[in-house]
S.K.: 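Sharing a structure, written as structure tokens. Questions coming.
The structure presented is a predicted model; accordingly, all values stated were derived computationally and were not measured. Every chain is numbered from 1, with letters handed out A, B, ... down the list of sequences.
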Amino acid sequence: MRSYLRGSPLALHRLERLAAALGEIAGSPVTLTRPNEEAHGDYATNVALATVKEHKRPPREVAEELAARVVELPEIARAEVAGPGFLNLWVTDAFLSEGLAEIDDAFGAGFAETPERVQVELVSANPTGPLTIGSARNGAYGDAVARLLRFAGHDVTREYYFNDSGGQMDKFRESVEAWRRGEEPPADGYVGAYIGDLAKLDGDPVPHMLREIEESLERFRIPIDSWQRQTVIENEIADAIAGLDTYEEDGALWARTSAYGDDKDRVLVRSTGEPTYFAADAAYIRHKLNGYDRAIYVLGADHHGYVARLKALAAMYGASPDRIEILIYQLVHLTRGGETVRMGKRSGNVVFLDDLVDEVGVDAARWYLVNRGPDQSLEIDLDLASEKSAKNPVYYVQYVHARIGGIFREVAEGADINPVPAQPLAPEERELIKRLLEFPDIVREAVSKRGPQGVPVYAIRLADGFHRFYHEHTVLTAKGGDAEPFRLALIGATRTVIARCLDLVGVLAPDRM
RNA sequence: GCGCCCGUAGCUCAGUGGAAGAGCGGCGGCCUUCUAAGCCGUUGGUCGGAGGUUCGAAUCCUCCCGGGCGCACCA
């Protein structure tokens, strides 16, 4: 079910205004849905069923009464009652034309009721090696959420947090040093060809590794706005601990997180006097709360145990738990010819993000990674990866953009473009416009659920609508007669919405294919 | 044992209170046309199982079965 009644009353688009007008008549908010079956109208509402308790009358009777009244609206061509009390509606060509006329680059944008400064922390893999496929999903998902939030009107910063000190980084540096001396890597050290590559460069390998990571992310179209070093955060640990609810026991300093929703208390300072990683978490969350209205973590399912303790930290600092969001995505499983492949950076048995991009390309990879919900685990068969890429629906969607680009290359400068049709709309034209008008609600739902998968799913349906229209009708005058100005407006709007869908998931919109 | 996530078409998955869907695969058609990376037809489901709430459940609640991931004074 889709609600067309929420959002800023100042920027209601055509469909929302229709729902509002229907709501006036019904006396309660009206939600419109797009029925799958043609026989159920252009739009349908269950308002008579939803209000059955208030009316204390049979829903069909209420629906019949509404049907008689809503046909008075200029937008409504026909209204029918169906099933237990659904109200099916057919809209006029004029209504669809008005909706089409409203589509521009800002269509569906800027609906955030209170724009916020939002930090999305994503990837944050330690620079002990190149990014792996595991980070690919984190990046594709987190970046899509960031793009959606920005489109909604928020001020979004993508932050990458990395460890630049500590045991793991020491081991990494020692592994490179050992290679330079021609020795075996230390126990539990890092191996792999990339260690040898780093050994050829001078000085600390960490900055080199970071630059390589940044290049991989840029290639994957994830722009990082802020790089946060752990050593900077660690300097704030003492202040951070001072603001927490703590106690000493067994020579260690504990945070009383169990009083704030966590299932147990957590050690901040070990009996050895060393702060734990959790102490850095506390300092970092404090840092985030000071700088942003909302801080979003993007974490793999293997970190879901962190949710309660991070929220507990925020609560101890007196912040609303809503200001901290932890988005969990299920892990990526690798297979090769059906066999599970275990990945480990230390074992050298890894598939890098760059390998995936080399194999299938950025567009196919990002589409594949974001096309399913974050709660759904995901399998990548390395043997089938390139084959799957050729069959990736992303090309079906991009092809819409390329076809429209081809038409506009043939259009003369200053050609007449008019969203008002010169003749009654063809079925394919009506279907395409209705699909376009759904877009704002698709985005709104994707944002509120923090689930970008609705965008690619919608884009495929929109592409369906376009390809059918394209197949059935000719746009340009030589073959299309006086329909050209309207059809140019229609495909122009389609190009705008398709390009937006692709942009929101970090995929290019090509003019030629 | 406890916690989180998942179970929908042959395969990969959308859909989270309103009238069961897509892609791929299978089968059969359509290029003298602004791009056939396209279009059309067809094949395909006890929505893991059992109860419950509701006018209405794939969707919410309880239990069971199956799978993934977690339960550190590691990072």
S.K.: Rounded to the nearest angstrom, tell me the gap between atom CD in Gln453(A) and atom C1' in rG21(B).
M.R.: 15 Å
S.K.: What is the base-pairing partner of rU32(B), counting Watson-Crick and G-U wobble geometry with both distances under 3.5 Å?
M.R.: none
S.K.: Classify the ring geometry between Phe439(A) and Tyr458(A) as parallel (under 30°), tilted (30 to 60°) or perpendicular (over 60°).
M.R.: tilted
S.K.: Can you check rC4(B) for me, syn or anti if syn means within 90° of 0?
M.R.: anti
S.K.: Remember a base hit wins even if backbone is also touched, and classify Gly251(A) as base, sugar-phosphate or nothing at under 4.0 Å, heavy atoms.
M.R.: nothing
S.K.: By the 4.0 Å heavy-atom rule, please label His401(A) as base, sugar-phosphate, or nothing.
M.R.: nothing
S.K.: Using a heavy-atom cut-off of 4.0 Å across all strands, would you classify Tyr277(A) as base, sugar-phosphate, or nothing?
M.R.: base
S.K.: Taking any heavy-atom pair under 4.0 Å as a contact, classify Lys388(A): base, sugar-phosphate, or nothing.
M.R.: nothing
S.K.: Could you walk me through whether Leu22(A) and Leu32(A) pass the side chain to side chain contact (heavy atoms under 4.5 Å, CB included) check?
M.R.: CA-CA 10 Å; Leu22(A) 292 167; Leu32(A) 292 174; 3.8 Å; yes
S.K.: Categorize Arg512(A) for me: base, sugar-phosphate, or nothing, with a 4.0 angstrom heavy-atom threshold over every strand shown.
M.R.: base
S.K.: Below 30° counts as parallel, above 60° as perpendicular, anything between as tilted: where do the rings of Tyr297(A) and Tyr284(A) land?
M.R.: perpendicular
S.K.: Checking only heavy atoms, does the side chain of Asn88(A) share a donor-acceptor pair with the base of rA19(B) at less than 3.5 Å?
M.R.: yes
S.K.: Please classify the nucleic acid contact of His467(A) as base, sugar-phosphate, or nothing, using heavy-atom distances under 4.0 Å.
M.R.: sugar-phosphate
S.K.: Give one of base, sugar-phosphate or nothing for Asn163(A), where a contact means two heavy atoms less than 4.0 Å apart.
M.R.: sugar-phosphate
S.K.: For Ala301(A), which contact category applies under a 4.0 Å heavy-atom criterion: base, sugar-phosphate, or nothing?
M.R.: sugar-phosphate
S.K.: What about Ser271(A): does its side chain form a donor-acceptor pair under 3.5 Å with the base of rC73(B)?
M.R.: yes
S.K.: A cation-pi test, strictly: NZ or CZ of Arg403(A) under 6.0 Å from the centre of the six-membered ring of Phe466(A) and no more than 45 degrees from its axis. Yes or no?
M.R.: no
S.K.: Under 4.0 Å between any heavy atoms, over every strand shown, what does Ala44(A) touch: base, sugar-phosphate, or nothing? Just pick one.
M.R.: base
